[in-house]
Amino acid sequence: MSFLMQQIFWGALLPAAIAATLLFFFWRAWRREGVPSHGGTPLALAVGYLFAHWRIIGLPRSFPPVDSNDWLFVTGVVLAIWGGVEHFLNQKPLVRHLGRLVLVAVVSWLVLRPLVGNVWQGVSALLWIASLAAGWWLWWSVQARFADEQPGFLSPLILSMVAGGGGFILLWSNSSSLSQMSGAVAAVAGVMVPLTLWRLKGIAGAGGVAFLAGMLGLIWVEAIAFVPVPIWRIVAMAVASLSPFLALAPPLRRRSVWVVAALCVVVTAAVLVAVMVPTYRAYVASAGAYVY
Amino acid sequence: MKTMLQAFAVTMLLWSISAGVPVAAQTYQIDPVHSSLVFRVKHMNTAYVYGMFTSMKGTVVVDEANPARSSINIEVDADSVNTNNQQRDNHLRSPDFFNTRQFPTITFRSTEIRRVNANTVQVRGDLTMRGVTRPITANVTLTGKGKNAQGRDIIGFETTFTIRRSEFGIRYGLPGLGDDVRVTLSIEAMR
């Protein structure tokens, strides 16, 4: 198996298969109990993602982690638990918002603290950390809001597209490991789409999106802080993920779900391509023959 | 009288040398312009790719009479990595490899030095890279001594050793990009 195929197999295909198997297993177990939706989704997604992390980056070398890459693994574990909490607190949006805020603030501080003094100095360091945390929290809350309004296949579909396209943008921005972790998020989000369309309607919703948006948000924060990827590319990816809100626009509310989904896919793809093209050109211009 | 004092001083100096009275260790500063840190790693199990770090500083304490009292401290600016390809250098600075924003320096601190032969010492020490400290051992050869253009004392050393990058948490691209990294360090230090 070639190097590239190995990375795809261990970083996307197998994680997607693991997540799909667990999603199906949890769905059957809960269905026997007569529960239409369940809090097992974030756990299933997290197991798939953490498997990819183990194969691509490796297990954390210490606890608490020192290295920024290791925080991606530990945060994945935390988000598996938090996603379950968000599912069960579905009717308490204020508590979920506040919990998310605390989680984002704590993780941002722990992950970004080593850059204080090295990269950012004094007050500017605090402003950077606060801004990145605020952006992560805001974007995650927007995604959660849409998942609450439309708990179907559209949220995981768009998040999968953004994480997958974003993977290429990160790859061409000098970060293969973050790119591959973004690809892993895309893979586990992607398997939710056919499963939701098939019979597992209860797997979508607050819990799963909490894991996906939380994880993708941290990948983007690390990309800005540690690589560093130009902020506009990350902002553009975040904007691309907002297309599901088109479904809430009054003129589109009466349209078929397929028409709305197709429109969201086109808008998201257009924004992603608009970022990918200049990113790829910049990469080629400075890479020469370097392709890893 | 003056001649007698001079004779006495010379006599005492010769006596101190023959009696093995220790001469003070001499501290040299690494000259980054005339020092090189070169590494090589195998690409896709095919050919070796070479790179270097262009910025380093540190001190070398030399006690020729008693090498155990010598020491080497080196600090390398990880951002100064240069492999003759801008994109690859930026990639090497990223969290895939050195993660230089979080870990801006690579350091070596000697812990034990012992003489092997007239021109070679064995140096044990701690190499810290990407936040991981591991002991390494290398034979260091004295390559020369003299004076530079400004008349300052200079001394040169060279060593070659191999590390496993995975042991320092740099696992990206394994096994396509080799795990073994051969490092050659040539130092000119002055005082």
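Chain A is the first sequence line, chain B the second, and so forth, proteins listed ahead of strands; every chain is numbered from 1. Keep in mind that the numbers below use all heavy atoms, side chains included, and drop hydrogens, waters and symmetry copies. This one's a predicted model, so the numbers in the text were calculated from it and none came from an experiment.
Using a 4.0 Å cut-off between charged side-chain N and carboxylate O, A:D67 and A:R61 make a salt bridge. Under the 4.0 Å criterion applied to side-chain N and carboxylate O atoms, B:R109 and B:D126 are not assigned as salt-bridge partners. Under a 4.0 Å N-O distance rule, the pair B:E64/B:K145 qualifies as a salt bridge.
Only the side chain of B:N99 comes within less than 4.5 Å of a heavy atom of chain A; its backbone N, CA, C and O stay farther away. With a 4.5 Å cut-off on non-hydrogen atoms, A:E222 does not touch chain B at all. For chain B, no part of A:L112 is nearby; none of its heavy atoms comes within less than 4.5 Å.
Ranking A:V66, A:D70, A:L178 against chain B, the residue ahead of the rest is A:V66, based on heavy-atom pairs under 4.5 Å. Taking B:Q86, B:R130, B:R93 one by one and counting their heavy-atom pairs under 4.5 Å with chain A, the maximum is reached by B:R130. Listed options A:G58, A:S62, A:P228 were ranked by heavy-atom pairs under 4.5 angstrom with chain B; first place goes to A:P228.
Here B:H43 and B:Y48 keep their ring centres 6.0 angstrom or further from each other. A ring-centre distance under 6.0 Å is not found for B:Y50 and B:F39.
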